[in-house]
Amino acid sequence: MSLSLLRNTANLSSLPFPVRFISFTAMSKARKIPLLQTPGSEDDGVAPKNRVRKRRVEMIAKEVKIESPDKKFLRHPEIEDFASDNVYSQSIQPPANWESIMEGIRSMRLSEHAPVDSIDPDEGVTSLQPKERRFAVLVGSLLSSQTKGHVTHEANQRLLENGLLSADTMDRADEATIKSLIYPVGFYTRKAQHLKQVAKVCVSKYDGDIPSTVDDLLLLPGVGPKIAHLVMIMAWNKVEGICVDTHVHRVSNRLGWVSRPGSKQGTRSPEETRVSLQQWLPREEWVSINLLLVGFGQTICTPLRPRCAKCTIREFCPSAFKEISTPASTSKTRRPKKELG
DNA sequence: TTCCAGCCAT
DNA sequence: ATGGCGGGAA
């Protein structure tokens, strides 16, 4: 995955892999299954799941309703490949000039290299069998958060060299071994624990494969919304939602592209941003927007001191040259003194 | 020294 | 809602 994703974002056929679309209705159906199971049962190897996760799943289920205003789709749970039908974009008006803004960001991205551009989640694992490749993608995604691309890649290579890049072997591996192999990725202690637990679930419940729905991925320890959507795209070639990380969250808010339901306030979490974005952004852009905004957020629209002077879309940006406190960077220690005009 | 990222736990 | 995690950059 590289700049090729940036160049032709309007055309899915230009993506390096086939992309299938799944209806949200189908998602909501699949979503209910884990909820109906006895909470806390440990037969599946998943640790007694706490209410936080359940609440999250329920929240997402509620969001789906918002995204499915057209009732007729509720009767067609298996609809796929409706990329050209922007049925979910009808209720929410897209922000003004969003296409020009995207094009402007794309130009800036092509003229300046961003750290994210050197990351290739598939690197080194393309030769694996499908099942192992998917597991490797999941592991790589788990390792990648808060970690530089090359560090992640080297850690993944060490796991590969030691034959641990499959659910079966990872399940049997010593946790301390995993920990030493993935060092120094961020939070390696916890990630080693998570990897063992994830492998166990994959073996016991998915025959060594990885979960194939967002919901089931979310049930894995260490897997949140960002990683779940990333894995759906990279491992399963399915686009069920936008992969929203802190950069997408921050930039979307600065541009005024997202808001809390029934309000003009910005969103306060990446999950809110994801839902808000999905309500108007055409699905053709759901994959490409991540790479686009992450790189933009790394190089120009930075968390601290955004380089508005260098930004070619500042005339469209309601936050240009304002020392605003974005949702992503807001904290008790940094409050804007006063919104000075 | 402070801030940061994605998830988890309090 | 907020702090912790492990380390690197601002």
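Naming convention: chains lettered A, B, ... in sequence-line order (proteins, then strands); numbering from 1 in each chain.
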Below the 4.0 Å mark, does C/dG6 have OP1 or OP2 next to a side-chain nitrogen or oxygen of A/T189?
yes
Using a 6.0 Å cut-off, check whether atom CD of A/E161 has over 12 heavy atoms from anything other than its own residue.
yes
Between B/dT10 atom P and A/R190 atom CZ, what is the distance in whole Å?
10 Å
Calculate the interatomic distance between A/N290 atom CG and B/dG6 atom C1'; express it in whole Å.
13 Å
Would you say A/N97 and A/S100 are linked by a side-chain donor-acceptor pair, where the criterion is simply a distance under 3.5 Å?
no
Under 4.0 Å between any heavy atoms, over every strand shown, what does A/Y188 touch: base, sugar-phosphate, or nothing? Just pick one.
sugar-phosphate
In whole angstrom, give the distance that lies between atom CD of A/Q298 and atom P of C/dA9.
13 Å
Integer-rounded Å distance: C/dC5 P and A/Q146 CD:
14 Å
Between B/dC3 atom C1' and A/L304 atom CG, what is the distance in whole Å?
7 Å
Intermediate values then yes/no, side-chain contact (heavy atoms from CB on, under 4.5 Å), A/C311 and A/F296:
CA-CA 10 Å; A/C311 181; A/F296 181 55; 3.8 Å; yes
A/Q197 CD - B/dC8 P separation (whole Å):
10 Å
Interatomic distance where CD belongs to A/Q193 and P belongs to C/dG4 [whole Å]
17 Å
Report the nucleotide, chosen from C/dA9, B/dA5, C/dG7, that has the shortest atom-to-atom distance to any side-chain atom of A/K148.
C/dA9
Quickly work out the A/L220 CG to B/dG6 P distance and round it to whole Å.
18 Å
With a 4.0 Å cutoff (strictly under), does any side-chain N or O of A/T246 reach OP1 or OP2 of B/dA5?
yes
Return yes if a side-chain donor-acceptor contact under 3.5 Å exists between A/S144 and A/T152, otherwise no.
no
